There are 2 protein chains.
Amino acid sequence: MSTAENSNDAVAAPATTVPAETTPTNGHDAPTGETWKGTPLSQLFSENKLGWRGYVEWEDYPDRKVVATEILNTKKFTPIPEFQFVPLPDTNPVLVGHRWKEYHEALGLKSIVDFSWEIVLKEKPGMIHLLDFPYNGETPRKELVEGKLTDNLFHFVRNHGGVPDIDDDAFELEIGGLVNQPVKLSLKDLKDESKFPQHEVTVTLQCSGTRRIEQIREYPGDGDELINAPWGEGAIGTAVYRGVALKKVLKVACGGLLPEASHLEFIGADTYFKKNNVYNYAVSVPWRKVRQSEEVLLAWEMNGKPLPKIHGAPLRVVVTGYIGARSCKWVYKINALREPSMGPVQSMEYLYYNQQIGKHNTKMSNGFSIQNMPVSSAIIFPTDKTTIIHDGTIDLQGWSYSGGGNWVERVEVSPDGGHVWYAVEPENMTEKHYHAWRLWTITLPVDAEGWLEFCVRTWDSSNNTEPTFVRSAWNWDLHVTSSCHRIKVFSVNRSKPATARRLKEFEARGESFEPLTKPIEWQLEDTEVYLERMRRFPREPLN
Amino acid sequence: MSTAENSNDAVAAPATTVPAETTPTNGHDAPTGETWKGTPLSQLFSENKLGWRGYVEWEDYPDRKVVATEILNTKKFTPIPEFQFVPLPDTNPVLVGHRWKEYHEALGLKSIVDFSWEIVLKEKPGMIHLLDFPYNGETPRKELVEGKLTDNLFHFVRNHGGVPDIDDDAFELEIGGLVNQPVKLSLKDLKDESKFPQHEVTVTLQCSGTRRIEQIREYPGDGDELINAPWGEGAIGTAVYRGVALKKVLKVACGGLLPEASHLEFIGADTYFKKNNVYNYAVSVPWRKVRQSEEVLLAWEMNGKPLPKIHGAPLRVVVTGYIGARSCKWVYKINALREPSMGPVQSMEYLYYNQQIGKHNTKMSNGFSIQNMPVSSAIIFPTDKTTIIHDGTIDLQGWSYSGGGNWVERVEVSPDGGHVWYAVEPENMTEKHYHAWRLWTITLPVDAEGWLEFCVRTWDSSNNTEPTFVRSAWNWDLHVTSSCHRIKVFSVNRSKPATARRLKEFEARGESFEPLTKPIEWQLEDTEVYLERMRRFPREPLN
């Protein structure tokens, strides 16, 4: 068991020999015959544990990491995609993850890629597939506001690697590092209520890329080095997670932390790549956060059902109020550390730069680490660029959320781009939670016709609200789009007589008003009427 | 000769017989054998005058118009393009004019289409071809600011139909309607300086679609029914035109106007289509405008050279300060009218609606007629989305113009989206003209790095300035984009030590900084340096 504090350090650790117990081949991989310096890949990067398919241990074997980097350095991969200046394809999947697949293939791990997509098709068939591998999937709009809890079938997914396939019975969680007593726990141990009381917590998880598409539209930026996943408003979802408080596990099973421990590192069974280095996915949260009882859970149940594989079965971390990336899936190792994890996801990514940081001066130390999520919101219906034929009012619905234990206090919607704001009535919002969003609906009086701009802002229990414009909070890595969400709506107010007449004319001609972009082929005004108007109100002054 | 006041009335006039002098076939058209009710098309829509190829007289023959409409009504055409919700193709021509070509072909006039493109290739090979037919071409950016006068090769073109091919010797201009003495004048008559003094006037002509692309990006709208020509900043150009004042011609040749005459209608030799009706291109301007001496010219020379065919040879109108559409090309008939022309270009198009007018309530009488052009400007260099590596200052150049005889007084450029404005020094602007733009350059101090937004505004001699945002003046027909022109620039300030170091690193690796969108593959910060920073300024508070 590794007890190195920074087991994901980007600098290669001293080589150790590949241990003897790695002889079983990776369960998913048919022997491909591919070798590296005479050793089959399937043996070099083999499964470590029976019943754990699609998992390769990297952190315990610095040697293996060195070999993997050597192999990757000999290969050419599809280049890192350029930041997005151009429109996205209108396809599903929106983007194809060539590079990550090629990395896996280069190490003889193609079966992980294949298995992951099988799981997508089984567990998440109805999603907006943003990226096929590593799988990034967004909740369709209808399912996003169906209810306070997002159906497991439709909860967003932002994976960083393939989906491992671990048997419940074979699973064990290792806890080490700066603890009084390193320990291994089976799932059965963790579910033993005599040792660990269980909690159900309603938690909204959010990718910090939520609504990134708005930042992309404004200016291209780095996004993240994997790919600029063009998330819309659906990289957020809410579920009731059942599990045990990590705090309790650390106390009861490990006898507590050593005094110098300040951070808990979570390591997942997925394989992560960064600049030809190979890792197990690793992130960390401060001990101070974990210490707050049920705010950091080890969970095996989601909305009363067993945790889906794509969401981290058999066991995942759920960190309330934080960016989703810290809620490590397939967590099999927890290390108490003095400092935050040096895993690339923690140390080099999910950093919030300001507008003036770009390619000319990005350094990890120039960005602050995204842990707690800020207050933010989105209008889900109507969707952007919709034409709405109405009688003087328009209904809107959406979500509002704040992280860090702040709950949503007030939601305000503006029908005029942010000048006049109407507050949502409390009865039109779902109940308050410390760690979950509120869904809301509002009916706004709308007189004006034509293109209108609606926007929403939310106030949380610490009186935080949102920046006004995307530009206000644009950042080089395109994270945390927390500015007022804006939609363009083409308003057609049937309560206006001239509009009602025109709509009847459409009807009489058996022609639809929509799409708005379809030109009208018939004459818009009778010539006699036009002339009468022009004689009454001439184009030019008479003198 | 037609003396009907509203010779372009959209309501079909009483049929008259097709006159006997139409027997010569259209000079451009090889007999196609196509007939309509037994009569060859080439005879139905034949050339009226020897030496006038590609010209069909419609306005004098209501009959012929009726037959053309009957024929068009039997055909299916490529539909009117939908308003633009989607990005434009990155091609040249950007758009292909299927429908207008098909109209011409349906009437046996394909040779007009072919000849027009030949003329484009001969007279305008280096343009940004927005639409191949009717030809719409934009000046490339470099040529736009080459000098105060735009080279004839690169002056923008916005045609509404095909290019007719009229021999100078055969040409005659008919003046009729509410004049004391209807008259026909040859080009030789018009050039007789003993009758008509000649003038050279420096004139900026502008399509009211200039910078339409900015409105399209904000919201889709109608544009015009022909097609949403996605003009950028290059639908404007300046030339010295030589010709005679229309005022003088009316006085000397026609003995002046009848008292009830208030508008002058100009009819061009190109064929125009609107909802399956066929016209000669027709527009009008008020007599009051014409009366102001050399403000409305009949011109045959452009920048000291014979007027190019694509610009209206042998004779065109030049209306100073007005939308380009009034400067009728290939003008062969002028009618003095009581009211503005009922030609569709004048009565049904180039109307300025407000934001709340859309498909639900567009009527010609709801828009005001675009005649004089407002104050407007554009930054031409740098172009939008450029990366600029500089040492603390950035150079910009552009154009500023105001119509209606207002000249450009002051140009101001903002490096921060419209907060701080720097005025262009008079010595960095071309000279003042009553009817022409001023080109300008400015060097701005720029400290900030990353994405910056520059914008320009101009003040004219009537103290008019520009609306701040595109939204401020967005209109359903997407005309007259006069809001502050904005560009996004990625600033890399080499005078900053950290930036200079990073640029040297690019150089040392033999790697280019651009394109900005190309990800950096190497490590951005040394791990030891990163850790040192993180220990000095920890991610979380210590207590």
Side-chain angles (χ1 to χ4, degrees), chain A residues 9-11 80 82-85 87 219-220 222 225 275 286 288 339-340 342 347 355-365 368-369 385 417 448-451 453 471 474 476 488 490 492 498-499 502-503 513 515-525 527 529-530 533-535 539-540, chain B residues 9-11 80 82-85 87 219-220 222 225 275 286 288 339-340 342 347 355-365 368-369 385 417 448-451 453 471 474 476 488 490 492 498-499 502-503 513 515-525 527 529-530 533-535 539-540:
Chain A
D9 198 315
V11 175
I80 302 179
E82 290 206 5
F83 317 148
Q84 286 153 29
F85 248 135
Y219 310 98
D222 192 345
E225 286 185 47
K275 297 184 194 295
R288 190 181 170 91
E339 294 180 320
M342 284 299 285
S347 62
Q355 296 211 18
Q356 274 53 65
I357 300 279
K359 199 173 173 179
H360 54 290
N361 56 9
T362 344
K363 292 194 270 188
M364 290 84 79
S365 59
F368 64 80
S369 183
K385 293 186 181 157
E449 302 192 274
W451 284 112
E453 193 166 306
R471 163 87 201 182
W474 188 93
W476 177 250
K488 293 167 175 177
F490 192 87
V492 181
T499 299
R502 174 64 55 93
L503 290 172
F513 187 84
L516 174 71
T517 49
K518 193 179 145 219
I520 304 171
E521 302 247 14
W522 28 280
Q523 190 148 318
L524 297 170
E525 189 172 27
T527 304
V529 174
Y530 173 71
R533 296 288 292 176
M534 289 304 99
R535 280 162 191 160
R539 291 287 187 202
E540 274 88 16
Chain B
D9 198 314
V11 176
I80 302 179
E82 290 207 5
F83 317 148
Q84 286 152 29
F85 249 134
Y219 310 100
D222 192 344
E225 287 184 49
K275 298 184 194 293
R288 190 183 170 90
E339 294 179 321
M342 283 299 286
S347 62
Q355 296 210 18
Q356 274 53 64
I357 301 279
K359 199 174 171 179
H360 55 290
N361 56 9
T362 343
K363 292 194 269 187
M364 291 85 78
S365 59
F368 64 79
S369 183
K385 293 186 182 157
E449 300 192 274
W451 283 113
E453 193 166 307
R471 164 87 201 182
W474 188 93
W476 177 249
K488 294 167 175 177
F490 193 87
V492 181
T499 299
R502 174 65 56 93
L503 290 173
F513 187 84
L516 175 70
T517 49
K518 194 179 144 218
I520 304 172
E521 302 249 14
W522 28 281
Q523 189 149 320
L524 297 170
E525 188 172 27
T527 305
V529 174
Y530 172 72
R533 297 286 293 176
M534 290 305 98
R535 281 163 191 160
R539 292 286 187 203
E540 273 89 14

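Being a predicted model, the structure only gives us computed values, none of them experimental. Letters A, B, ... are given to chains in the order of the sequence lines, protein chains preceding strands, and every chain is numbered from 1.
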List the residues meeting salt bridge (charged side-chain N to carboxylate O under 4.0 Å, His left out) with B:Glu453, not counting sequence neighbours, and say none if there are none.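 So B:Glu453 forms a salt bridge (charged side-chain N to carboxylate O under 4.0 Å, His left out) with B:Arg486.
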Under 4.5 Å from a heavy atom of chain B, the part of [X] involved:
X	result
A:Glu449	both
A:Met534	side chain
A:Leu503	neither

Verify, without hydrogens or angle tests, whether [X] (side chain) and [Y] (backbone) share a donor-acceptor contact under 3.5 angstrom.
X	Y	value
A:Lys359	B:Pro519	no
B:Tyr219	A:Lys488	no
A:Lys518	B:Glu82	no

With chain A, which of B:Ile357, B:Asn361, B:Val492, B:Thr362 has the greatest number of heavy-atom pairs at distances under 4.5 Å?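 Top count of heavy-atom pairs under 4.5 Å with chain A: B:Thr362.
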Heavy atoms only, distances under 4.5 angstrom: which of B:Ser365, B:Gly450, B:Gly358 has the most pairs with chain A? Name it, please.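 Heavy-atom pairs under 4.5 Å are most numerous for B:Ser365.
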Do the rings of B:Trp451 and A:Trp474 sit parallel, tilted or perpendicular, given the 30° and 60° boundaries?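 Ring orientation of B:Trp451 relative to A:Trp474: perpendicular.
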Please work out whether the ring planes of A:Phe490 and B:His360 are parallel, tilted or perpendicular, with thresholds of 30° and 60°.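 Correct class here is perpendicular.
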List in chain and number order the residues that pass side chain to side chain contact (heavy atoms under 4.5 Å, CB included) with A:Ala448, two or more places apart in sequence or in another chain; answer none if no residue qualifies.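 Here the qualifying residues are A:Leu452, B:Gln356.
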Taking all atoms of both residues into account, what is the closest heavy-atom pair of A:Lys275 and B:Ile520, and its distance?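 Shortest heavy-atom separation between A:Lys275 and B:Ile520 comes out as NZ-O, 3.4 Å.
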